[in-house]
Structure formats: C-alpha cells, structure tokens
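This report refers to the structure that appears directly beneath it.
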Amino acid sequence: MKEMKPAFEHKEVEKGKVDFWLENHYFEANLKENQDKPPFSMIIPPPNVTGKLHLGHALDTTIIDIICRYKKLNGYDVLFLPAMDHAGIATQAKVEEKLAKEGKNKYEMGRDAFLSEAWKWKDEYASHIRKQWHALGLSMDYTKERFTLDEKMNKVVTLVFKTLYDKGLIYRGERIINWDPVLKTALSDVEVIYQEDKGKFYYFKYWLEDKKEYLTVATTRPETMFGDQAVVINSKDKRYLKYIGKKVINPANNQLLEIIADDYVDPSFGTGVMKCTPASDPNDFEIAKRHNLKMVKIMNEDASLNENCPSKYVGLDRFKARDQLVEDIKDNGNLIKIEEILHNVGHSERSHSVVEPMLSKQWFVKMSVLAKEVMKIQKSKNKTTFFPSRFSKIFYQWLEKTNDWCISRQLWWGHQIPVYTNKKTGKVVCSLTPLDKEKYEQDSDVLDTWFSSALAPFAFLNWPDKNSQLYKRFFPLSLMSTGYDIIFFWVERMAIDGVEFNSVMPFKEVAIHGLVRDEKGRKMSKTLGNGIDPFQVIDEYGCDVLRYSLSTYGTPGLDINYSTNKIKDSRNFLNKIWNASRYIIGIINNNKPVSATKLSFFDKWIISRFNDTLSNIKKNMNKYELGQAASYLYKFIYDEFCSQYLEYTKVSLQSENKEIVESAKYTLYTILKDVLLILFPFAPFICEEIYSYLPDEKKSIYEESYPTPIKISASKNDVELALSVSDAIKEIRNFKSTNLLSPNAPISLNIEASEKVYSQIFPYIQRFSFADKIIRLDKIDAKHFVVLPCFKLEMISSDTSKLEERKKKTIENLNNEISKCENLLSNKGFLAKAPKQKIEEEKAKYAKLKEELNSYLK
RNA sequence: GGGUUUAUAGCUCAGCUGGUUAGAGCGUUACCUUCACACGGUAGAGGUCAGCAGUUCGAUCCUGCUUAAACCCACCA
C-alpha cells in the first residue's frame, strides 16, 4: 500500500489525473449507460483564439466546472461543451501584427493566403488553449469541441442570415456607424467604449454674408467643418430667429452655409448655434435627413482627410488636420477662444483608437422586432431566471432600447456575408450555397464575431438538425454562467437568436459572476503589472488551490479582489484536509469500517453537525452560491471535524471496547469520504488522490454519488454533552493561558455531575486538561466554578483572581442577556405581535439564562 | 441625464427573504517544537454594522434622505 506524503504536494497529486479521467470517459455526456439520467447542459463561453487564457477565464470556467461536477455527482447526465471563438477583429489584428514582423502585408498576400495564415494561427493557439483547459482541470466533453468558424458553423450562420434576410430582419443601409480607423472596419455600438478624455472646445466666427455680423459656433472636432452643410439653431431661440434662411461663411473652406432651425438644438448648450456635418455625426445625420441636406464624406478609411477637403489638407491625419485648421482659422482672425473640456470619447474596444462616426453602407439586424419576442417571454412564466436576480432587469432594459446591430465588418477572418451581386444585372441575391464566381460577386465583408457566437446554444448542439441527439436531449441549456461584462455582447444576442429560431429562451437559468481584480480592487492590466497568471499559480500551488481560491472567496455578481493571501489560505486549507485524511487513513489501516454499534456522544454530535452542514451546502449549491457553500464546508472541516472531533476520537480509539473503536473509525471514515465528495467539485485532484487511498472503494471518486445525510440520530443530550465537554476544556485552557501556565501543566478538578455523565466525560476531560486529579462531587461547594449544560466544573488553584475575573465577566454577560430578555418579555407590543414561536424561544432562553445565573449565585 | 452596486474588525470579505453575545481568513498579542498537520496548535485583543430620519413590538438587514466609492447605459454639437 502506498503511503501518503506528510504534506500536500500538488504536482505529484495532479500528475496523470486528467488523462485517467479522460481514459475512463468521465467527462463525456450522452453515453449509452447514462440515458436514463436527467440531462444537464452548459457551454463554455468560447475563449478567443488569440492567446493565453487569463485569470478571468479561470474564474469563469472554474465556476462552470464546479457546477457541472456537482450536477454529475447528483445523478445528472452532464454536458459541458468546450468551444473556441474565432474572434474576428482580435485575431485578424494579431495575425496582421505577426505578419508585419515578418515584413508581410495582407494586401500583397491576398485574401486566401492571409486566411491560410490565420488558420495556422488558430491551430497553434487552439492547441495551447486545450492544454490550458486540461491544466485547469475542466471536465468538458472534449469529444464535442466546437469552433465558431468551422464548416458546420458556417452552414448554420448562412442559414440564420438568409432566414433573417428573407424576413426583412437583416438589411443593408447607409447610416452613421462607428468606424475604427486603425482596423479599418465598422463596429457595433457595444464594441465602442466611452471614456472621459481631455479635449478642447473651439469657438469660431461664422460671418454672415455681409460680413458685418458673425455667429459663434463651437465644436470639438474642427476638422469635420469641411463637411458642414448648414448651421442650425432652435426655432424657439429668439436670439437667432432673425437669421433663419440667411447664410454664413464656413471659416474652414469659405463655403456658404444656410442657417436653418431644428429643435434638436439645445439653446442652453454652448452658444446655441450648431454646425451640421451630416456624414460625421449621427445627430447631424438625422437633422440632414429632415432638411434634405447633402451628405459629404470628408475622410478616408484611415481617418485621413479626403479630396472633399481643400488640397492643403488632403491626406492629413484627422488630428493633424485639426491642429492645422485651427492654426489657419486663427491666422484669419476667426478663432475666438479655445476651452479645455472633459468629454466622453468613443474608443474601439479592440484597437483603442478614437472611433470616427462615419457615413457608411453596412449590414444591420433589426433588433427591435427580435427583442420584443424575448421581452414577451421574459414576462411569461417561461422566462429565464437570473442569479443574482438584479441582472434580469439589466438584461431586460437593454432589450427595450437597443438599436439596430451593425453586423458587417471590413475584415477577412470571419463568416463572409452570403450575399451576391450579379455582375451584369446588379441584382442582389442571398444564397445558402456559393454562387458561380463568373457571374456573381460575393459581398466582401464578414460578419461580426458575435453573430456566430450568438448561435452557440443551439448551433453547438447540431441545430438545424432537430433530430440530433444532442439538440433533443440538451437544448435549451440548463444554465449559462458568465461575467456581467458580456451580458450585452453575448447573453442578449444568444437570447434573441435563441428565441427567434427555437421559440424558447436558449438557457433556463443564467448565473452572472463578477470580474477578477487585484487586491486593491484595481483592474489587472499589463501596464500596472498587477496581473496574476493562473498558470503560474497552478505551477506554484496547484490547480486545486487556484480553483478553490477563485471560486470561494467571492459573492455572485460582485467583483473579487484576488490576492496571494487568498491563494495561501486555500493552500493551507487543502493541506489541512490532506493531513487529516492521512491521519484517518492511517487509523483505518486498510480495513474499511462497516459497523457503528456503539457510537460515542461525540460521534453522534459530529454526525449531526455533518448533516446540518450538508443541508446548508446543498441549499447554496443549488442557488450557485459557491462561496457560501464552501464556507459551510470550511467551518465544518476545520473547526468541527479537525480541531475538535479528530482530537476527541483519540480517546475513543484507545478504548478497550472494540465496538467503540469500530464506531469511531466508522464515523471518521464515513465523514471523510463524504467531505471528499462535497469538496470534489471544487478541488478535484486532491480529492481523487485521497480517495484512491480509501480501502474497498470504486475506481474513481467520479463513480460515486453525492452524500446523503448520515442516518444516525443524535439526541439533544448527546449534543449537549459534547458541547459541555468542549466548553469545559476551553475553560481549562483559558485558565491556564491567563495564568501563564503551560498548556500541559497539571491541574486538579472537581466535577459536579451524575455518575453516568461523569463516566462518559471523564476520559475526555482528563486527556485534554492534563489533570492529575479529578474528583466527582454531588455538589460543588466552592466560590469559583463554571456552569455547563451537563455538569459543573471547578478548577482548583492557589491564585483564584483570574477565575474570579472570569466568573465576574460571565455573570455580567448573563445579566446583560437576561435584562435584554426581560425587556423583550415585558414589552406588550412584542407579546401581542411577535410570532408565538419567537415568544416561546425567548421564554426558553430566558429560563435557561436564569438557571445558569442561579447556578453561579447559589 | 437614466440605472446598478458597494459602505460591517487594521486588511480582504461572509452574514442565506427583520429577533444571533454580529462571524471567517490574514494581520496582531501571549503561550506551545503535544505522537495528522509550523502550510501547525491553544487562548486572547480588536466592531456605535458610513450618517440621519422613518416603518416595526423589534432594524446590520426593509423604506427615504445624506455622504463616500465603483460600475453600466445614453449623450450636447
């Protein structure tokens, strides 16, 4: 028989475990032998194939893995499906970056050659990610891995696109979109991050034609003045009414602009006079539509100025052009002032460049129509439940006001839009299959990455094949677990497509978690250098420690401040379990105890504590309150099982009565095994390892099922006796400590108890008090003693001052409590209105306190 | 402007639909190299539950306001 090491050594424990689980198909769903089990399904939020997984991924996947393992132990046929996301923009940017280092350029290479480079990249990173999944101990069904850009997915995407297109829910239109001038693509609204930037507010003179008067117009983006088509005032703004219909000179290019009235303008903002640049601002665009203004684009794809601007500026970058123009206007005497301001500026989520609102022809999904269906379901009893519930509101409110979704991207890496234009006739066709390249030209754009990941809950289960085993058995998903940061990106869109194509929400429940931050609550970032690499934690402390520390120190929906402190705490805890197990396994000595005919009161006490703990843990696991569940487990294992029970069994194990010894062994063994099963979802490696040392058990802890309450009832007397002994030992230790006596200093004790009680408690008191003399009395006749539920204890000492203090304090506390009770019980309102049970409890408490106090005063 | 969250021990956080002597870990003090564990043990110290009102027999918990912090959405040129 192999021996357990004296400390938990993670590398040795983890070695070969994942392979062992894989070989035995423990991660696989939908196996024949599990067909009669109820299904439970989740998918991983597919990580981007752009690089290493970070701590956020580790948190996300650990939570899901814990839930899946828990469900599996509880008799479910669990599908935990792995997948990766092609991450259009992000991956293309990385591949381009890599090519640039090699001196290559995508335009020179051409689309096909570039895509083959991208696929190489994908293959490389996908294999990295798979290794990392294993390192994280994720029990996903690796035989069912999916990728958002594989061929099967392309068919689904095309079908979904065409269906929506035919229904008129996808359309092409020319509108102001968010343009990323670095990546040279359109972005959706959610891909734009607004942040408060320092900027300048420039005030210019717009002279009237007669050059006698001017209007003051302020702008933050002077370079857009080349696209100005009008100057706008509010029709109720008396200051400017007289100018309506007149013309002013654009100081940027000397063109005449008509002064028009539109109620969009806020008279109280700035000067109340606004310039209108229809092709560079969404609000100006709307005004222009109302007034039939021309829409002149003034920028190229890279946000340099185009030929619609004076030749001096053509080709200049927007910010250089801005400075140049301001200089030039200043030289002409038309600059009034420049104000420093803080304003919200949109940045690209990927390139971080300043987003340029720009007129552009793009593809859109009509969200309002689709969102309504989801809202309808969310108001019905078929709604998806959110944990914590407040996210349901956030989810719903977004649906209420979401704008159309810009889904086309000017990239190559992604699902190409299945729309073709007849080269001769110009007729536009959406087709499920590619059309003849001679006759048709396919739209060169690809779809937003989220367009495909939105289909994941059903597409990954082989939809549209509705007869597919996976789809039939596992859709809708039982639970979706993800961070609150991608509710809008992903959860909303999954709901929208899920409902449109399946008529039900694609997941029954959603559990939202927070983000991982550093110990001071700051975001982890490269620039701050405060990031923690999960794989370094695994290397140093082990996967179980990472998993335990990530999943148990947080509250659902709130951010977790992660620190080495938490890592070490987790390591210490797991080491504690390791050692307790080592101790128990040593006692068991390869003979599985089977009978419990003579349980001691401590055995019964720990069993009742275990049953309570189990019930609390289950309650919280079922609400996905992992931290809460783990804290019940921690308290039980550390304080009750290890610190107390394990110590107390040292008495019963030495008994000459074999039944008593066997019963203690039985209790130790049974609880150890059950505790391992409860801990297993959190820390699978160490639990599987310890389990392998248990005699006569199954091949793997994976073949066990979740613990049920241990069917041995403890009476109130057993529990009180256990608590009395615990308290007595604590009192003695406290006495020694406060008197600066060493813990094993001899002491003489008198105990007032019945013969029966005394015989039960004596061996415990003796062993843990190191008493050299204990005498049982019918009545303690001393000044200083301690009152316990089952007996009284007198510590004999030459210096009783500390005992006196202690007793005084105890009596004081009792008196405080008693007066609280008295106040409550004499309160007429309380007696009239409080629930009867509460009143009874309070009376009982009062009686007990009073009795205890009397015992001291007698 | 709209919305959400947070405020509990020196630090990081629990407190499970209102009644507890308000808890844990780290840190800290004293003691212990006791035969599972120094990645340990024992015993302590440490809290006006941000503030003010209200509801209630009773509020850390519910409501309102105030203060402080974080986040999300929308956005004014």
Side-chain angles (χ1 to χ4, degrees), chain A residues 4 6-8 189-190 194 201 217-221 224 232 264-266 268-277 281-284 287 343-344 346 388 390-391 393-394 397-398 401-402 484-485 487-488 514-515 517 519-521 541 553-555 557-563 565-566 568-587 616 619-620 623 625 627-629 631-632 634-635 638-639 642-643 646-647 650 729-730 733-738 740-744 770 813-814 816-817 820 823-824 827-835 838 841-842:
Chain A
M4 284 179 80
F8 165 46
D189 293 347
V190 289
Y194 286 90
F201 211 18
V217 178
T219 178
T220 52
R221 295 194 292 155
T224 62
V232 198
Y264 169 77
V265 177
D266 175 2
S268 63
F269 186 84
T271 59
V273 187
M274 192 185 99
K275 71 189 203 59
C276 178
T277 320
D281 182 281
N283 296 310
D284 293 15
I287 293 172
H343 62 154
N344 270 336
R390 66 171 181 276
F391 289 104
K393 205 169 152 190
I394 291 169
Q397 284 172 349
W398 187 85
K401 56 180 177 186
T402 182
Y484 62 70
D485 55 328
I487 292 175
F488 302 140
L515 309 180
R517 294 168 175 278
E519 55 196 323
K520 289 175 187 155
Y541 296 93
Y553 285 96
T555 305
L558 297 183
D559 292 348
I560 168 175
N561 293 351
Y562 197 65
S563 63
N565 207 339
K566 292 184 168 109
K568 284 187 180 160
D569 289 351
S570 305
R571 189 266 316 262
N572 294 351
F573 176 55
L574 294 183
N575 187 59
K576 186 83 184 172
I577 292 166
W578 177 269
N579 269 296
S581 306
R582 185 165 72 99
Y583 169 69
I584 294 167
I585 286 163
I587 287 167
N616 284 325
K619 214 173 5 179
N620 283 289
K623 291 189 290 184
E625 295 261 8
Q628 202 58 41
S631 108
Y632 279 111
Y634 183 99
K635 267 181 210 156
Y638 219 116
D639 301 341
C642 291
S643 293
L646 242 51
E647 293 302 319
K650 286 171 185 170
I729 290 164
K730 203 169 180 177
R733 284 170 173 168
N734 175 281
F735 169 74
K736 288 185 182 177
S737 180
T738 48
L740 303 175
L741 294 168
S742 89
N744 55 0
F770 297 89
N813 283 341
L814 281 170
N816 281 340
E817 286 307 302
K820 270 192 202 171
N823 283 340
L824 207 49
N827 183 330
K828 281 177 190 166
F830 176 76
L831 294 172
K833 294 189 179 173
K838 179 69 205 164
E841 274 173 31
E842 208 58 37

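Chain identifiers are assigned alphabetically (A, B, ...) following the order of the sequence lines, protein sequences preceding nucleic acid strands; residue numbering begins at 1 within each chain. Scope of the values below: all heavy atoms of this structure, side chains included, with no hydrogens, waters or symmetry mates.
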Separation of the [atom1] atoms in [N] and [M], to the nearest angstrom:
N	M	atom1	answer
B:G58	B:A53	P	16 Å
B:U21	B:A59	P	15 Å
B:U4	B:C76	P	24 Å
B:U55	B:C61	C1'	14 Å
B:U33	B:A24	P	26 Å
B:A7	B:C62	P	11 Å
B:C57	B:U12	C1'	37 Å
B:A9	B:G44	C1'	15 Å

Problem - Six-ring centre of A:Tyr583, A:Lys650 cation under 6.0 angstrom, axis tolerance 45° - result: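 Verdict for A:Tyr583: a cation-pi partner in A:Lys650.
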
Measure the distance from [atom1] on [X] to [atom2] on [N] and round it to the nearest whole Å.
X	N	atom1	atom2	value
A:Asn579	B:C35	CG	C1'	14 Å
A:Glu647	B:U34	CD	C1'	9 Å
A:Asn616	B:G15	CG	P	13 Å
A:Glu841	B:G19	CD	P	11 Å
A:Lys623	B:A14	NZ	C1'	13 Å
A:Phe770	B:C32	CZ	C1'	10 Å
A:Met4	B:C39	CE	P	18 Å
A:Leu558	B:U6	CG	P	6 Å

With heavy atoms under 4.0 Å as the rule, sort [X] into base, sugar-phosphate or nothing.
X	answer
A:Ala580	base
A:Ser563	nothing
A:Cys276	nothing
A:Glu625	nothing

Problem - Proximity to the side chain of A:Lys730 - top-ranked nucleotide from B:A36, B:U21, B:G44 - result: B:G44

Say whether, by atom type as modelled, one donor and one acceptor occur between the side chain of [X] and the main chain of [Y] under 3.5 angstrom.
X	Y	answer
A:Asp559	A:Leu515	yes
A:Lys736	A:Leu741	no
A:Thr738	A:Asn734	yes

Counting only Watson-Crick pairs (N1-N3 plus N6-O4 or O6-N4) and G-U wobbles (N1-O2, O6-N3), all under 3.5 Å, who is the partner of [N]?
N	value
B:G25	B:C11
B:C65	B:G51
B:C71	B:G3
B:U42	B:A30

For a quick check, with a 4.0 angstrom heavy-atom cut-off, what is the B/S/- contact string for [range], read 5' to 3'?
range	answer
nucleotides 24-31 of chain B	-SS----S
nucleotides 53-64 of chain B	----B-------
nucleotides 67-77 of chain B	-----SSBBBB

If you look at every heavy atom in [X] and [Y], which pair is closest and at what distance?
X	Y	value
A:Asp266	A:Ser268	OD1-OG, 2.7 Å
A:Arg390	A:Gly557	NH2-O, 3.3 Å
A:Asp284	A:Thr277	OD2-N, 2.7 Å

Practice task
Begin from the C-alpha positions of A:Tyr632 and A:Asn620 and carry the test side-chain hydrogen bond (donor to acceptor under 3.5 Å, both in side chains) through to its verdict.
Solution key: CA-CA 10 Å; A:Tyr632 279 111; A:Asn620 283 289; 4.9 Å; no

Practice task
State whether the distance check finds a donor on one side and an acceptor on the other, under 3.5 Å, for side chain A:Lys576 versus base B:C37.
Solution key: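 Checked by distance alone, the answer is yes.
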
Problem - Donor-acceptor pair (no angle test) under 3.5 Å: A:Tyr638 side chain, B:C37 base - result: no

